[in-house]
Amino acid sequence: MSAAPEIRIRNARTGDVLRMVELMEPLVARRILLGKDLVDLYAAVPEFLVAEDAEGALVGYGAVHVMWEQLGEVRTLGVSEDWLGRGVGHRLLTALETRAAELGLTQLFCLTFETDFFGRHGFEELGEDAELIAVDVYAELLRSNDEGVAEFLDLARVKPNTLGNTRMLKRL
């Protein structure tokens, strides 16, 4: 795998959203990513980083979402099919981990089919009975309307959308 030196990682801008959607479409069609509404993507722009090639074309994207004081989630990480295997995902995930640490997070969660990729980056699978948070924090998180929080808590109401996905966690 090359280090993709021609790739630049930067903060996402609102003008990147439609290209991100284009890049997401094949992954959504293959049920690797859950589709996102445009309104949600625009609202989440500050959470996203993007990867662009030497010409400035967007070739990857990913977000880190704060869930609690020390807990965040890597969300919607994807790379253009033309750039797979060239280190773009690695560079994005590394940058997202740096951003998470700068925010004060010490744990990163993801829900993924790409267990090998995340495993190579230090994420470990969570068992069904994993106790990751204190009971009082769990009670607070239950109040959230965020689907990612529900996925982290492994709530029954999100099971139809997450069948086959693996919950993984990394301690930073």
Side-chain angles (χ1 to χ4, degrees), residues 1-67 70-125 146-149 151-152 161-162 164-172:
M1 171 173 59
S2 85
E6 66 275 21
I7 293 300
R8 182 173 81 104
I9 307 295
R10 64 167 173 79
N11 292 327
R13 298 185 289 259
T14 56
D16 297 322
V17 170
L18 294 180
R19 175 62 177 147
M20 287 167 42
V21 169
E22 287 177 22
L23 292 174
M24 288 175 198
E25 285 175 352
L27 299 174
V28 171
R30 294 196 331 252
R31 299 183 57 121
I32 293 170
L33 280 180
L34 290 176
K36 305 269 189 218
D37 291 326
L38 278 175
V39 67
D40 294 326
L41 286 170
Y42 280 112
V45 164
E47 298 179 351
F48 273 89
L49 297 176
V50 295
E52 59 185 16
D53 67 13
E55 288 80 42
L58 206 71
V59 298
Y61 49 85
V64 63
H65 176 76
V66 175
M67 296 171 74
Q70 296 178 341
L71 177 65
E73 180 184 8
V74 173
R75 290 186 170 176
T76 320
L77 178 63
V79 174
S80 165
E81 292 183 358
D82 295 338
W83 283 83
L84 289 175
R86 295 169 62 184
V88 177
H90 167 77
R91 296 261 312 270
L92 276 166
L93 184 55
T94 299
L96 291 169
E97 289 175 0
T98 298
R99 175 180 270 184
E102 289 169 351
L103 290 168
L105 304 177
T106 59
Q107 297 178 63
L108 273 181
F109 164 77
C110 70
L111 183 70
T112 185
F113 289 108
E114 302 297 331
T115 55
D116 290 341
F117 172 79
F118 282 97
R120 286 192 307 272
H121 291 87
F123 284 76
E124 296 178 359
E125 291 186 27
D146 187 285
E147 290 298 305
V149 171
E151 292 161 353
F152 171 75
N161 290 332
T162 62
N165 285 3
T166 300
R167 295 183 321 141
M168 300 183 81
L169 187 77
K170 179 175 182 174
R171 299 185 195 290
L172 300 176

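In this text, all values refer to a predicted model and were calculated from it rather than measured experimentally.
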[X] side chain near [Y] side chain, heavy-atom distance below 4.5 Å:
| X | Y | result |
| --- | --- | --- |
| Val17 | Phe48 | no |
| Leu169 | Arg171 | yes |
| Ile32 | Glu114 | yes |
| Phe123 | Thr112 | no |
| Leu71 | Leu105 | no |

Rounded distance [0.5 Å steps], [atom1] in [X] versus [atom2] in [Y]:
| X | Y | atom1 | atom2 | result |
| --- | --- | --- | --- | --- |
| Phe117 | Leu84 | CZ | CG | 10.0 Å |
| Leu41 | Met24 | CG | CE | 4.5 Å |
| Glu6 | Glu55 | CD | CD | 9.0 Å |
| Leu103 | Thr98 | CG | OG1 | 11.0 Å |
| Met168 | Leu111 | CE | CG | 10.5 Å |
| Thr14 | Asp16 | OG1 | CG | 7.5 Å |

- Quickly, which of Glu124, Glu97, Glu125 forms a salt bridge (charged side-chain N to carboxylate O under 4.0 Å, His left out) with Lys170? Name it, please.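 When Glu124, Glu97, Glu125 are each tested with Lys170, the salt bridge (charged side-chain N to carboxylate O under 4.0 Å, His left out) holds only for Glu97.
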
- Identify whether the distance between the nearest side-chain nitrogen and carboxylate oxygen of Arg99 and Glu102 falls below 4.0 Å.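 Salt bridge absent between Arg99 and Glu102.
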
- Query: Hey, are Arg19 and Glu52 close enough for a salt bridge, meaning a charged N less than 4.0 Å from a carboxylate O?
  - Reply: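 No salt bridge links Arg19 with Glu52.
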
So which heavy atom on [X] is nearest to which on [Y], and how close?
| X | Y | answer |
| --- | --- | --- |
| Pro26 | Glu81 | CB-OE2, 3.4 Å |
| Leu172 | Ala101 | CD1-N, 4.1 Å |
| Arg31 | Phe113 | O-CE1, 2.9 Å |
| Leu23 | Tyr61 | CB-CE2, 3.5 Å |

- Leu49 and its side chain to side chain contact (heavy atoms under 4.5 Å, CB included) partner, picked from Ile9, Leu93, Val64, Leu77: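 With Leu49 as partner, side chain to side chain contact (heavy atoms under 4.5 Å, CB included) holds for just one option, Ile9.
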
Which donor-acceptor pairs under 3.5 Å do side chains of residues 33-40 form with protein atoms, sequence neighbours excluded?
none

- Task: Look at the rings of His121 and His90 and say which category their plane angle falls in: under 30° parallel, 30 to 60° tilted, over 60° perpendicular.
- Result: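 The rings of His121 and His90 sit tilted, inter-plane angle from 30° to 60°.
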
- Residues forming a ring pair (Phe, Tyr, Trp, His ring centres under 6.0 Å) with Tyr42, sequence neighbours excluded: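 With sequence neighbours excluded, Tyr42 shows a ring pair (Phe, Tyr, Trp, His ring centres under 6.0 Å) to no residue whatsoever.
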
- Query: Can you list the residues that meet the salt bridge (Lys or Arg N to Asp or Glu O under 4.0 Å) rule with Glu47, with sequence neighbours excluded?
  - Reply: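 Glu47 satisfies salt bridge (Lys or Arg N to Asp or Glu O under 4.0 Å) with no residue once adjacent residues are dropped.
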
- Task: Look at the side chain of Arg91 and the backbone N and O of Ile7, then say whether any donor-acceptor pair between them is shorter than 3.5 Å.
- Result: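 Checked: pair present.
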
